[in-house]
Amino acid sequence: MDNRSIAQLLEETADLLEIDGADSFRIRSYRRAAESIQSTTISLSDIAHDARQLQEIPAIGKSMASNIEALEDTGTFSPRKELLEKYGATILELLKLPGMGPKTIALLWDSLHIASVQDLETAIKAGKLDNLPRFGPKHIENLKKAIEDYRQHTGRFLLNVADAEAEAFSAYLRRLDGLKQITVAGSWRRGRETVGDLDILISGPACEEDNAAATAKYVAAYPAIASVLAHGQNKVSFRLRSNLQVDVRLLPESSYGAALQYFTGSKSHNVTLRQRALKKGYTLSEYALARVKDGSVVAARTEEEIYSALGLDWIPPHLRENLGEIEAAAKHTLPHLIELKDIHGDVHAHTTATDGRCSIREMAEAALARGYQYMAITDHSKNLAMTNGLDARRARAHLKRIRKVDEEMEGRIRVFTGIEVDILAGGELDLPDDVLAEMDIVIGAVHTLFNQPRKQMTDRILRAMENPYLRILAHPTGRLLLRREPLDFDLPAVLDRAAELGVAVEQNSSPERLDLGDVNLRLAHEKGCKIVINTDAHHTTHYDNIQYGIRQLRRAWLTRKDVLNTLPAKKFLAALRPKP
DNA sequence: GCCGTTTTCGGCCCGACTGTTTTCAGTCG
């Protein structure tokens with residue numbers, strides 16, 4: 001079993017323990033173990049039977065080591081098994097509903113034996129919750145909304161999960177001889193912020209007539225498969241243990257491009273493309289672009305040939321949503337989309353001073369290793385108590401430490417000072433101006449803690465932006481992908497004002513946030529907002545998440561000049577809202 | 001349940017806000 005799966009099972013066990021009302025420190029130790037496993041490079045499978053080696057990994061002690069051994073041998077371990085027998089696996093989905101915590105779930109289970117979102121929905125409709133303590137009309141209304149949101153997202157997966165699965169499976173495929181091309185198509189290739197399933201296209205000698213059956217058999221023997229859904233000559237579908245569905249198509253090399261184009265989509269892009277083909281006397285299918293009159297093939301081997309035969313420049317998959325890209329490709333006016341290498345700095349990061357995992361120096365070295373010219377340390381302010389947020393005194397002391405590291409780096413990378421301040425319910429920032437004045441980067445964060453009615457929420461953010469030290473607005477929609485819809489406030493009004501004031505809005509690249517997402521990025525760009533892309537790194541490895549944010553920038557048609565941190569250090573600081 | 005040490009057990013994560021309350025439990029970051 002791979003580390004990610006082990007970590008996930010421990011995480012789930014922590015959730016179950018919470019519902020069961022277990023000791024909070026015991027729960028935390030499960031979560032810490034899960035985190036630790038996810039960030040170690042040691043493969044736990046390899047050492048699952050060596051308790052001593054296991055216990056060398058931080059947060060793993062005697063019990064956790066034996067849990068991991070049992071997991072490797074039997075696929076489960078006893079605390080988890082017992083809890084699942086008691087509550088059932090579906091109870092965990094209740095935790096995904098905003099406002100639903102372990103105590104509420106325990107209450108619902110004890111009083112009504114509610115063990116799934118479906119149960120909860122039925123109980124609400126039957127009015128069974130009305131007499132429960134702490135279930136007023138507003139609470140129930142919120143739950144209904146939460147269920148609705150949940151249903152919209154259910155069955156979709158975050159990009160990092162899909163990426164990891166795609167990479168692991170591709171590695172398995174690469175071990176087979178005779179495969180020339182392996183491509184993940186579908187919404188994954190288009191860079192959608194979540195994916196429903198993976199469409200994987202393969203071709204090469206191994207996919208030709210005589211070998212196809214053996215290749216399909218090899219595919220269906222992939223160890224991480226939970227169940228095979230279909231197993232034919234040219235297509236194998238299966239569900240992974242993570243519940244992600246994968247469709248693998250074996251294709252002849254001669255029509256690989258046509259299939260790639262077809263299965264990349266989007267549907268709407270393809271429809272428009274087929275109409276265009278017809279006008280030229282062609283018909284476009286997953287097999288080829290062919291002449292209508294005699295069926296002779298015009299292009300099929302590569303995407304470039306197909307687009308070219310239709311009088312179009314090749315269109316990057318990120319743009320294939322029928323939002324004007326076909327017209328632009330015809331006029332040769334497709335934008336030169338921003339790329340990973342254009343980004344020169346990441347100015348939102350945390351350290352062990354609050355809830356980060358690494359030191360200032362470690363974060364700086366990691367940013368340098370990525371080739372960045374600058375970065376910033378922006379730990380939390382005191383209001384986020386759980387993170388050990390900084391008060392004025394600690395913030396000043398931290399500032400000195402950041403400056404010291406900046407000196408130590410000797411110009412190899414600039415380390416900016418900064419802070420992520422909380423916006424209080426009244427719109428004020430939770431640190432005094434004289435402290436903020438000392439910071440290079442002041443990020444005002446819209447945290448959901450203060451979820452208020454629409455008008456108040458909007459006013460609160462607008463007021464916060466009036467503080468002249470606030471330079472970047474973070475979590476500008478407050479959403480958490482697959483878990484919570486955006487906060488309810490007037491985003492267009494906020495973006496208008498941000499553009500006027502020169503407050504930059506942040507595209508957070510964390511795979512579970514992608515705060516603005518492609519749609520709102522487009523909106524921010526139209527309104528003339530300054531845009532900054534950051535990772536909100538809590539660990540050196542989180543800098544890698546920048547790729548997820550970049551995909552959304554590309555989907556929003558953004559180029560290098562549209563994003564502030566493509567600038568060199570000095571110009572970047574100068575491009576931010578000027579300090580008073 | 002882990003860790004660190006005081007080698008046998010105590011410490012580990014806190015405060016604002018909502019929706020229900022009439023003084024507070026539960027969620028969230």
Side-chain angles (χ1 to χ4, degrees), chain A residues 10-11 13-37 51 54-68 77-80 83 94-108 129-143 145-146 350 352-356 379-391 394 420-430 443 445-453 456-457 460 474-475 478-480 483-484 487-488 508 510 512-513 515 536 538:
Chain A
L10 293 180
E11 219 20 276
T13 308
D15 289 342
L16 288 164
L17 282 166
E18 224 172 345
I19 292 167
D20 203 46
D23 170 55
S24 65
F25 296 110
R26 188 176 167 218
I27 296 162
R28 239 165 77 81
S29 68
Y30 273 85
R31 296 203 196 283
R32 285 216 322 271
E35 279 168 22
S36 182
I37 288 166
L54 280 175
Q55 286 178 57
E56 276 172 23
I57 296 170
I60 295 181
K62 222 170 147 194
S63 311
M64 217 55 84
S66 73
N67 284 345
I68 291 164
F77 57 96
S78 58
R80 175 184 149 80
L83 287 162
L94 287 170
L95 266 181
K96 296 207 167 95
L97 303 179
M100 270 288 225
K103 295 280 166 56
T104 313
I105 295 172
L107 171 71
L108 290 174
L129 266 55
D130 300 350
N131 301 321
L132 252 40
R134 321 199 62 77
F135 277 87
K138 220 159 183 173
H139 195 165
I140 291 177
E141 202 45 50
N142 287 343
L143 279 181
K145 170 102 173 48
H350 299 271
T352 48
T354 61
D355 60 350
D379 273 303
H380 291 289
S381 58
K382 65 180 194 303
N383 208 47
L384 245 52
M386 182 237 188
T387 68
N388 191 23
L390 308 172
D391 58 20
R394 286 181 61 219
E420 178 181 354
V421 281
D422 238 35
I423 299 172
L424 298 175
E428 62 277 30
L429 304 182
D430 83 327
I443 300 178
V446 181
H447 282 132
T448 51
L449 224 49
F450 306 104
N451 196 356
Q452 295 164 333
Q456 274 156 263
M457 201 64 193
R460 172 189 152 207
H475 308 324
R479 69 181 181 160
L480 215 44
R483 268 209 62 198
R484 198 179 48 229
L487 293 177
D488 183 26
N508 183 313
S510 150
E512 58 252 353
R513 298 211 80 109
D515 273 306
D536 195 356
H538 285 66

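Basis for what follows: all heavy atoms, side chains included, without hydrogens, waters or symmetry-related copies. Keep in mind it's a predicted model, so treat the numbers as computed, not measured.
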Practice task
Return the value, rounded to whole Å, for the distance between atom CG of Leu143(A) and atom P of dG19(B).
Solution key: 12 Å
Problem - Separation of the C1' atoms in dT5(B) and dG10(B), to the nearest angstrom - result: 11 Å
Between protein and nucleotides 3-8 of chain B, what N or O pairs are separated by less than 3.5 Å?
residue: dC3(B); atom: OP1; partner: Ala59(A); partner atom: N; Å: 2.7

Problem - Contacts of Ala474(A) that satisfy side-chain contact (heavy atoms from CB on, under 4.5 Å) - sequence neighbours left out - result: His348(A), Ile443(A), Ala445(A), Glu506(A)
Handout entry: Euclidean distance, atom CD of residue Gln452(A) to atom P of dG19(B) [Å, nearest integer]
Key = 10 Å
Handout entry: Pairs satisfying salt bridge (Lys or Arg N to Asp or Glu O under 4.0 Å), at least one member in residues 54-65 of chain A, at least two apart
Key = Arg52(A)-Glu56(A)
Problem - Gap between atoms CD and P, on Glu35(A) and dG1(B) respectively (whole Å) - result: 18 Å
Practice task
Between dT21(B) and dG26(B), how far apart are the P atoms? Round to whole Å, please.
Solution key: 13 Å
Problem - Euclidean distance for P, dC3(B) against dC13(B) (whole angstrom) - result: 14 Å
Practice task
Measure from CZ on Arg460(A) to P on dA16(B) and round the result to the nearest Å.
Solution key: 14 Å
Exercise for the section: For dG1(B) and dT8(B), measure between their C1' atoms and round to the nearest Å. Expected result: 16 Å
Problem - Within residues 420-428 of chain A: residues closer than 4.0 Å to DNA chain B (heavy atoms) - result: Ala425(A)
Exercise for the section: Using the C1' atoms only, state how far dA16(B) lies from dC9(B), rounded to an integer number of Å. Expected result: 34 Å
Practice task
Return the set of residues passing side-chain contact (heavy atoms from CB on, under 4.5 Å) with Ala353(A) (not counting sequence neighbours), or none when no residue passes.
Solution key: Thr351(A), Asp379(A), Leu390(A), His398(A)
Handout entry: Qualifying salt bridge (Lys or Arg N to Asp or Glu O under 4.0 Å) pairs, either residue in residues 20-30 of chain A, two or more places apart
Key = Asp20(A)-Lys86(A)
Handout entry: dC17(B) and dC12(B), which share atom name P, separated by this distance in whole Å
Key = 26 Å
Practice task
In whole angstrom, give me the gap between the P atoms of dT7(B) and dG11(B).
Solution key: 15 Å
Handout entry: For Glu18(A), side-chain contact (heavy atoms from CB on, under 4.5 Å) partners two or more places apart
Key = Asp15(A), Ile27(A), Arg31(A), Pro102(A)
Practice task
Evaluate side chain to side chain contact (heavy atoms under 4.5 Å, CB included) for Asp536(A) paired with His475(A), printing each intermediate quantity in order.
Solution key: CA-CA 10 Å; Asp536(A) 195 356; His475(A) 308 324; 3.4 Å; yes
Handout entry: Spatial distance of atom OG1 (Thr13(A)) from atom CD (Glu11(A)) [nearest 0.5 Å]
Key = 9.0 Å
Handout entry: Residue closer to the 5' end of DNA chain B, Ala65(A) versus Ile140(A) (nearest nucleotide)
Key = Ala65(A)
Could you write out each protein N or O paired with an N or O of nucleotides 26-29 of chain B at a distance under 3.5 Å?
residue: dG26(B); atom: O3'; partner: Thr104(A); partner atom: OG1; Å: 3.1
residue: dT27(B); atom: OP1; partner: Gly101(A); partner atom: N; Å: 2.7
residue: dT27(B); atom: OP1; partner: Gly101(A); partner atom: O; Å: 3.0
residue: dT27(B); atom: OP1; partner: Thr104(A); partner atom: N; Å: 3.0
residue: dT27(B); atom: OP1; partner: Thr104(A); partner atom: OG1; Å: 2.4
residue: dT27(B); atom: OP2; partner: Lys103(A); partner atom: N; Å: 3.3
residue: dC28(B); atom: OP1; partner: Gly99(A); partner atom: N; Å: 2.7
residue: dG29(B); atom: OP1; partner: Thr448(A); partner atom: OG1; Å: 3.0
residue: dG29(B); atom: OP1; partner: Arg484(A); partner atom: NH1; Å: 2.3
residue: dG29(B); atom: OP1; partner: Arg484(A); partner atom: NH2; Å: 3.1

Handout entry: Spacing between Asp23(A) atom CG and dG11(B) atom C1', to the nearest angstrom
Key = 11 Å
Exercise for the section: Using the closest heavy atom to pick a nucleotide of DNA chain B for each, name whichever of Met64(A) or Lys138(A) lands nearer the 5' end. Expected result: Met64(A)
Exercise for the section: Considering only atom P, compute the distance from dT20(B) to dG15(B) and round it to an integer number of Å. Expected result: 26 Å
Practice task
Return the set of residues passing side-chain contact (heavy atoms from CB on, under 4.5 Å) with Asn142(A) (not counting sequence neighbours), or none when no residue passes.
Solution key: none
Practice task
Check the distance between dC2(B)'s P and Leu17(A)'s CG and give it to me in whole angstrom.
Solution key: 12 Å
Practice task
Scan every strand shown for a Watson-Crick or G-U wobble partner of dT8(B), both distances under 3.5 Å, and answer none if you come up empty.
Solution key: none
Exercise for the section: Using distance alone, with no hydrogens and no angle criterion, decide if Asn67(A) and Arg80(A) have a side-chain donor and acceptor under 3.5 Å apart. Expected result: no
Problem - For Glu512(A), salt bridge (Lys or Arg N to Asp or Glu O under 4.0 Å) partners two or more places apart - result: none
Handout entry: Any Asn142(A) side-chain N or O less than 4.0 Å from OP1/OP2 of dG19(B)
Key = yes
Practice task
Applying ring-ring contact (aromatic ring centres under 6.0 Å, His included), name anything that partners His538(A), two or more places apart in sequence or on another chain.
Solution key: His350(A)
Exercise for the section: State whether the distance check finds a donor on one side and an acceptor on the other, under 3.5 Å, for side chain Arg28(A) versus base dC13(B). Expected result: yes
Exercise for the section: Nearest whole angstrom, please: distance from the C1' of dC2(B) to the CZ of Arg26(A). Expected result: 12 Å
Exercise for the section: Side-chain contact test, heavy atoms from C-beta onward, threshold under 4.5 Å: evaluate it for Leu129(A) versus Leu108(A) and give yes or no. Expected result: yes
Fill in the blank from the handout: Residue set satisfying ring-ring contact (aromatic ring centres under 6.0 Å, His included) with Phe135(A), at least two apart, ordered chain then number -> His139(A)
Practice task
Look at all strands and tell whether Pro137(A) reaches a base, only sugar-phosphate, or nothing, counting heavy atoms closer than 4.0 Å.
Solution key: sugar-phosphate
Exercise for the section: Provide, to the nearest angstrom, the distance between the CG atom belonging to Asn131(A) and the C1' atom belonging to dT20(B). Expected result: 15 Å
